[in-house]
2 protein chains.
Amino acid sequence: MEEQRIVDDERITTFGRLVEAHARLTNVLDNELREALGLPLRWYGLLLHVGRSPHGVRPMKELIEATAFTSGGVTRLVDRIERAGLVQRLPCPTDRRVQHVGLTDAGQEMLQRATAVHLRGIQEHMIDALDPGEVKRLNEILPKLVAQSGGRR
Amino acid sequence: MEEQRIVDDERITTFGRLVEAHARLTNVLDNELREALGLPLRWYGLLLHVGRSPHGVRPMKELIEATAFTSGGVTRLVDRIERAGLVQRLPCPTDRRVQHVGLTDAGQEMLQRATAVHLRGIQEHMIDALDPGEVKRLNEILPKLVAQSGGRR
DNA sequence: GGTCATTAGTTGACGTGTCAAGTAAATCGA
DNA sequence: TCGATTTACTTGACACGTCAACTAATGACC
């Protein structure tokens, strides 16, 4: 008769699978984006958030909430992307504490190119690996996990 | 009539959800483990891998493959955990290049305690947020994503 | 058995993120 | 309306990983 060890609990493995799937996917997609355009996946994530904004501009505040970074982390990320000329800080006219972040023309251009590359990667490494029904289910399940674990720091 | 922008493609959002679910979950579980036992989630991951090994011992090689780290990263991670007394390096008798990593008594003890905490967290933040069927589907879907994106460096 | 290539793991230099303290502006309250 | 909080962001010190170069041992082949 076998001992059933607590470390072998299947729920731990479920979580482990999520971690591993995330690690593998981000790794591949990051590599593809870097090779094609020299763009780190994290930069792309920020460009995407800004590019999707209604007025083409986002306050730091919202970028901090949207990315899983601390405020200091976002400050530095924006520093680098700004230095690369893809993004610019714009002072907010109504609240001088606030910095808006907007895409430069080069940033717009980069976002378009990068999205094409990224989309090919997602299709190949994520969508094609699953049945259509499974993709649909993922889209139902994942938001529940996001909503549930609540805010951060 | 609305323009459909390429950046709004739903597949990008699907991937984004995976990233966000991962970020939120690991953040919560890391905090819980740190608060309860002062143990970072990454340390737990390594302890778990070692603790699950058939002979209670794993060569660095396998830890590198199992975690999503580079060899240098694992060397330093093991350095720190070893300095904390939870793990020890054991020279391999048949191949003097190889270092085996095994749990110390304190490491065993920590692994047991941490697993209890971790399991409560997974239950609360992951399992309870989903229906039983959804958990089952996750367990079918995630391995496909892992297998598909292949190896690393 | 002696070269050559390969494999395991470590290390120095560095990039990127965190934490906590700091600055400046807005807001709240007597 | 003026001091006390709070909010938005930045910064210095530091923790943690990566990359590429390095050491040591093994294996392969002539």
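By convention in this document, chain letters (A, B, ...) are assigned in the order of the sequence lines, proteins followed by strands, and residues within each chain are numbered from 1.
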Starting at atom [atom1] of [X], determine the distance to atom [atom2] of [N], rounded to an integer number of angstrom.
X      : N       : atom1 : atom2 : answer
L77(B) : dG9(C)  : CG    : C1'   : 14 Å
N27(A) : dT18(D) : CG    : P     : 9 Å
D30(A) : dG17(D) : CG    : P     : 17 Å
R80(A) : dT10(D) : CZ    : P     : 13 Å
L39(B) : dC16(D) : CG    : P     : 12 Å
L63(A) : dG17(C) : CG    : P     : 14 Å
K61(B) : dT26(D) : NZ    : P     : 16 Å
R42(B) : dA15(D) : CZ    : P     : 16 Å

Query raised in the report: Under 4.0 Å between a side-chain N/O of T70(A) and OP1 or OP2 of dG17(C), yes or no?
Result: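 For dG17(C), OP1/OP2 do not have a side-chain N/O of T70(A) under 4.0 Å.
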
**Report entry** Under 4.0 angstrom between R89(A) side-chain N/O and dT10(D) OP1 or OP2
**Finding:**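 It does, given that an N or O in the side chain of R89(A) lies less than 4.0 Å from OP1 or OP2 of dT10(D).
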
Requested in this report: Tell whether R97(B) reaches the base of dT23(D) with its side chain through a donor-acceptor pair below 3.5 angstrom.
Outcome: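 No, no donor-acceptor pair under 3.5 Å.
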
Query raised in the report: Counting only distance, no hydrogens or angles, is the base of dG12(D) paired donor-acceptor with the side chain of R76(A) under 3.5 Å?
Result: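 Result: at least one qualifying N/O pair found.
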
Tell me which nucleotide among [options] gets nearest to the side chain of [X].
X      : options                  : answer
D95(A) : dG9(C), dA26(C), dC19(D) : dA26(C)
P59(B) : dC16(D), dG9(C), dC9(D)  : dG9(C)
V98(A) : dG12(D), dA8(D), dA26(C) : dA8(D)

Query raised in the report: How would you label the contact of R96(B) with the nucleic acid (heavy atoms, under 4.0 Å): base, sugar-phosphate, or nothing?
Result: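 Sugar-phosphate: the residue R96(B), judged by heavy atoms under 4.0 Å, touches backbone atoms but no base.
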
Query raised in the report: Nearest nucleotide by nearest heavy atom, which residue falls closer to the 5' end of DNA chain C, G73(A) or V74(B)?
Result: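 It is V74(B) whose nearest nucleotide is closer to the 5' end.
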
Report task. Identify, between Q99(B) and P40(A), the residue whose nearest nucleotide on DNA chain C lies closer to the 5' end. Result ->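 It is Q99(B), whose closest nucleotide lies nearer the 5' terminus.
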
Query raised in the report: Heavy atoms, side chains only, cut-off 4.5 Å: are E62(A) and H49(A) in contact?
Result: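 No - every pair of side-chain heavy atoms lies 4.5 Å or more apart.
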
Report task. Taking the side chain as every heavy atom from C-beta outward, state whether W43(A) and M110(A) have any atom pair closer than 4.5 Å. Result ->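 Counting from C-beta outward, W43(A) and M110(A) never come under 4.5 Å.
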
Requested in this report: To the nearest 10°, let me know how far the axis at one end of the helix from dG1(C)-dC30(D) to dA30(C)-dT1(D) is tilted from the axis at the other, five pairs an end.
Outcome: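 That helix gives 20° between its end axes.
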
Query raised in the report: Would you say L111(A) and I6(B) are hydrophobically clustered, going by side-chain heavy atoms of ILVMFWY under 4.5 Å?
Result: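 L111(A) clusters together with I6(B).
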
Run the salt-bridge test on [X] and [Y] with the 4.0 Å N-O cut-off and return the result as yes or no.
X       : Y       : answer
K144(A) : E140(A) : no
R120(B) : E32(B)  : no
R89(A)  : D79(A)  : yes

Query raised in the report: At their closest point, which heavy atom of L145(A) faces which heavy atom of A21(B), and how far apart are they?
Result: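 Here L145(A) and A21(B) meet closest at CB-CB, 4.1 Å.
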
Requested in this report: Flag yes if more than 12 heavy atoms outside R5(A) fall under 6.0 Å of its CZ atom; otherwise flag no.
Outcome: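 It does: R5(A) CZ has more than 12 such atoms within range.
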
